There are 4 protein chains.
Amino acid sequence: MPQASADLASRLLDSALSLFAERTYEGTQMPAVAHHAQVGVGSIYRYYASKEILGNAAFRHAKGGLLAGLTAATAQPTTSSREEFAQIWQGFTRFAGAHPAAFAFLEHQQHDTFLDTESRALAAEIDTFAADFIERGQRAGEIREGDAPVLVALALGAFGGLLKSIRPQLVTDLSPQALAGAESAVWDLLHRKT
Amino acid sequence: MPQASADLASRLLDSALSLFAERTYEGTQMPAVAHHAQVGVGSIYRYYASKEILGNAAFRHAKGGLLAGLTAATAQPTTSSREEFAQIWQGFTRFAGAHPAAFAFLEHQQHDTFLDTESRALAAEIDTFAADFIERGQRAGEIREGDAPVLVALALGAFGGLLKSIRPQLVTDLSPQALAGAESAVWDLLHRKT
Amino acid sequence: MPQASADLASRLLDSALSLFAERTYEGTQMPAVAHHAQVGVGSIYRYYASKEILGNAAFRHAKGGLLAGLTAATAQPTTSSREEFAQIWQGFTRFAGAHPAAFAFLEHQQHDTFLDTESRALAAEIDTFAADFIERGQRAGEIREGDAPVLVALALGAFGGLLKSIRPQLVTDLSPQALAGAESAVWDLLHRKT
Amino acid sequence: MPQASADLASRLLDSALSLFAERTYEGTQMPAVAHHAQVGVGSIYRYYASKEILGNAAFRHAKGGLLAGLTAATAQPTTSSREEFAQIWQGFTRFAGAHPAAFAFLEHQQHDTFLDTESRALAAEIDTFAADFIERGQRAGEIREGDAPVLVALALGAFGGLLKSIRPQLVTDLSPQALAGAESAVWDLLHRKT
DNA sequence: TATGAATGAGGATTCATTCAT
DNA sequence: AATGAATGAATCCTCATTCAT
């Protein structure tokens, strides 16, 4: 069973993620992670040398997964910011639907206590990705004027608020209409009115 | 110093709030709160019987302050949802400017581990307040159709995202233009296009 | 009010005694003593420099009171050990009835953690008093042979057992018959059968 | 050492018992128990969830052991109360000799602060056991008239007094004569004179 | 003289981490 | 490789004692 250990590592990551999402990084005990993953405590340490390292791995797993989802969603060329926005929206939506714990964990405001430099750098990538989209849209005259990071913060904040409000349900539980309505509301947040 | 002891309780609340905002409720130690408030650890317990009680007091202080700020800001009668929105926006902005730690603490996603029923009830009041505003605007045809709680979540999320993005600076450090831009962006999120 | 402070000192002693009796020396907090005596905590320290000193004072007050009661009860000359035993029994009975908390406190087995030398010496006096009575009775052929301290331990133990069993009622709640029966049982424990 | 972990629980119980006997439940610190049992503090909590639970376990271990000893000692049928009393006396004597700390702990007057309902129930069993013996003897005309609980209290009190007086020596240090003398003294406390 | 708010050392308990099996 | 019992530093909380009023 050559992939046994790889499996265990990722099972641990999933367990950590769902417990962190539910009870906070600080509020989650290593024995609880072990129990959730159905392994002995000691086994965690074979894959993650410390709780801090596990926390960072979980964060990077989540953030990296989101970034990959967004990249994949925006792979098809588009002809307008609105279309690209739709792709991004779908990227977020799918990721949040497929990995609710990961998304919830990323939404926590306080990772500062344990994130290392590499994790912080990864976190910044999402912002850069979003800011690029905003700036492109502004140059094309489709997105309103203003500081790109500010617009990113508003839009991501709105999406996060939406997800937080329906917790612990899944995004996929929202009616298509409600979701479509939210999408156009957030687009209007960004859209340049003529 | 006749106000000494009444003050101590609120000095402790402030200290707790700023440390909780910075490092999470779980990540803050009682001795750290005592140190920040420049008192002995034991003194905390004269005013707050446990960390959990202190946490709830801090939460209620913050949430109650925000609610009071919003109520005050919307006291003047208005003739349109846009105007009322401006009042609310100012209420949020002022509160976040005046009590950045309190606002940051409220933005944390994970209070579930320690909030008691009373605190949760207070938290719901803000949502009700906002949902009322939304529904009134919808009836007046000024605010877009859709589930009121969903719109509330989007708008509050956007505002929260904004504040989070500039941390640890103050809202008041944003240029008036940036702030005004953000305000109209969020309004457009809510506004019914004709 | 010249006796005010003497009063306070003894009120504190009484409070201490009844709390110690109820909850143990170790289980009683200084603030609880203050509260029971209706004074501020600080005031205790004007009369008793520390909890340990208060504990010893309470112990000596109780033990000394019992010794005084026994001495008074046996003041009248008697012509037999049985008569003297009756006096002693009455001495114990009256003291336990009049000062139930003091008696209960003395019955606790563990004073070793705080008693000082002087208190221990006083404690020994009761034993000496009782051993004297036993030895006199043995010389007169009225009390059975055997180690005097052993007989003392048995008799005092029996009396203590009696009191413990009816706690928290008072000795005076026992029917005169029951009390008389207990008295003759304990006398038979000591009495030399012919 | 296959019995290691089952042993740890009982080693902890023994350590707790001897420290509680010596210094009171309240006067004994968990680290002291750990030290005495030669384990880390944390290990106590794997077996006993709190000090209170440890205290109750220790009490029940002691009381249960005594009850078992008495039951075993009285297993042989007897033809008189005097004989049965001899069995009971031997039961007490052996238990106190074999488990001096357990016996001393049981003699403490103040368990009220931490005993739970189950422990109290067990404590009552000894009294019932003794009261049964008394009542049987009374019906047979061998034991004096009087309230059975009162006679039990007197007899147990006497035995307790005896043990207390020789502490910290062992019962087994008493000369056989002294012990036999004490036994007949206590029997005379109970015996119905003709 | 009396008070009780303030203090901080000390005690109970938790939990990340180790290591013998 | 996996386990989970054992560890003890770190955390919450208590309470004897002090001292400004």
Side-chain angles (χ1 to χ4, degrees), chain A residues 1 4-5 8 26-35 37-55, chain B residues 1-2 4-9 12 26-35 37-54, chain C residues 1 4-5 8 26-35 37-55, chain D residues 1-2 4-9 12 26-35 37-54:
Chain A
M1 36 196 93
S5 68
L8 187 44
E26 335 259 359
T28 301
Q29 304 85 335
M30 296 297 267
V33 174
H35 181 81
Q38 312 204 57
V39 279
V41 221
S43 302
I44 299 178
Y45 288 85
R46 179 163 303 278
Y47 301 96
Y48 304 98
S50 71
K51 186 182 181 182
E52 195 180 329
I53 285 171
L54 175 61
Chain B
M1 340 162 160
S5 76
D7 264 5
L8 187 44
L12 283 166
E26 339 256 358
T28 301
Q29 303 84 336
M30 296 300 265
V33 174
H35 181 82
Q38 311 207 57
V39 279
V41 220
S43 300
I44 299 178
Y45 292 87
R46 175 168 298 278
Y47 300 96
Y48 304 98
S50 69
K51 186 181 180 181
E52 194 180 329
I53 285 171
L54 176 62
Chain C
M1 40 196 89
S5 69
L8 187 44
E26 335 259 358
T28 301
Q29 303 85 334
M30 296 298 267
V33 174
H35 180 83
Q38 313 205 57
V39 280
V41 221
S43 302
I44 300 178
Y45 288 85
R46 178 162 304 278
Y47 300 98
Y48 303 98
S50 71
K51 185 182 181 183
E52 196 181 328
I53 285 171
L54 176 62
Chain D
M1 348 171 150
S5 75
D7 264 5
L8 187 44
L12 283 166
E26 339 256 359
T28 301
Q29 304 85 336
M30 296 300 266
V33 174
H35 181 82
Q38 312 205 57
V39 279
V41 223
S43 301
I44 299 178
Y45 291 86
R46 175 168 298 277
Y47 299 96
Y48 303 98
S50 70
K51 186 181 180 182
E52 195 180 330
I53 284 171
L54 176 61

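Every chain is numbered from 1 and lettered A, B, ... according to where its sequence line falls, protein lines coming before strand lines. These numbers come from a predicted model, not from an experiment.
Closest approach to the A:Y45 side chain among E:dA12, F:dC12, E:dT17 is made by E:dT17 (side chain taken as heavy atoms from C-beta onward). Here the nucleotide nearest the side chain of A:S43, chosen from F:dT3, F:dT17, E:dG11, is F:dT3. Out of E:dG4, F:dT18, E:dT14, the shortest distance to the side chain of B:R46 is found at E:dG4. Side-chain proximity of C:V41 to F:dT17, E:dA16, F:dG8: nearest is F:dT17.
Counting all heavy atoms, side chain and backbone alike, C:E26 lies closest to C:K51 at O-NZ, 3.7 Å. B:Y47 and B:A9 make their closest contact through CD2-CB, 3.8 Å (heavy atoms, listed as atom of the first residue, atom of the second, distance). Nearest heavy atom pair, residue B:S43 against residue B:L12, reads O-CD1, 4.3 Å. Across A:I53 and A:A49, no two heavy atoms sit closer than the pair CD1-CB, 3.8 Å.
A heavy-atom distance below 4.5 Å is not found between the side chains of D:L8 and D:R46.
Judged by Watson-Crick or G-U wobble contacts below 3.5 Å, the nucleotide E:dG4 has F:dC19 as its partner. Pair assignment for F:dT11 gives E:dA12, based on Watson-Crick or G-U wobble hydrogen-bonding distances that are each under 3.5 Å.
Along DNA chain F, the nucleotide closest to A:G40 and the one closest to C:A49 are compared, and the more 5′ of them pairs with A:G40. Nearer the 5' end of DNA chain E, as judged by each residue's closest nucleotide, is the contact made by B:I44, out of D:Q29 and B:I44. Comparing A:E52 and D:K51 by the nucleotide of DNA chain E that holds the closest heavy atom to each, the one mapping nearer the 5' end is D:K51.
The phosphate of E:dT1 (OP1 or OP2) has no side-chain N or O of C:Y47 nearer than 4.0 angstrom.
For the pair D:L54 CG and E:dT13 C1', the computed distance is 13 Å after rounding to whole Å. Put simply, CG on D:D7 is 15 Å from C1' on F:dA6, counting in whole angstrom units. One atom, OH of D:Y48, and another, P of E:dT14, lie 17 Å apart when rounded to the nearest Å. To the nearest angstrom, C1' of F:dC12 lies 16 Å from CD of A:E26. For C:H35 and F:dA16, the NE2 to P distance is 16 Å, given to the nearest whole Å. Here the C1' atom of nucleotide F:dT14 and the CE atom of B:M30 are 13 Å apart, to the nearest Å.
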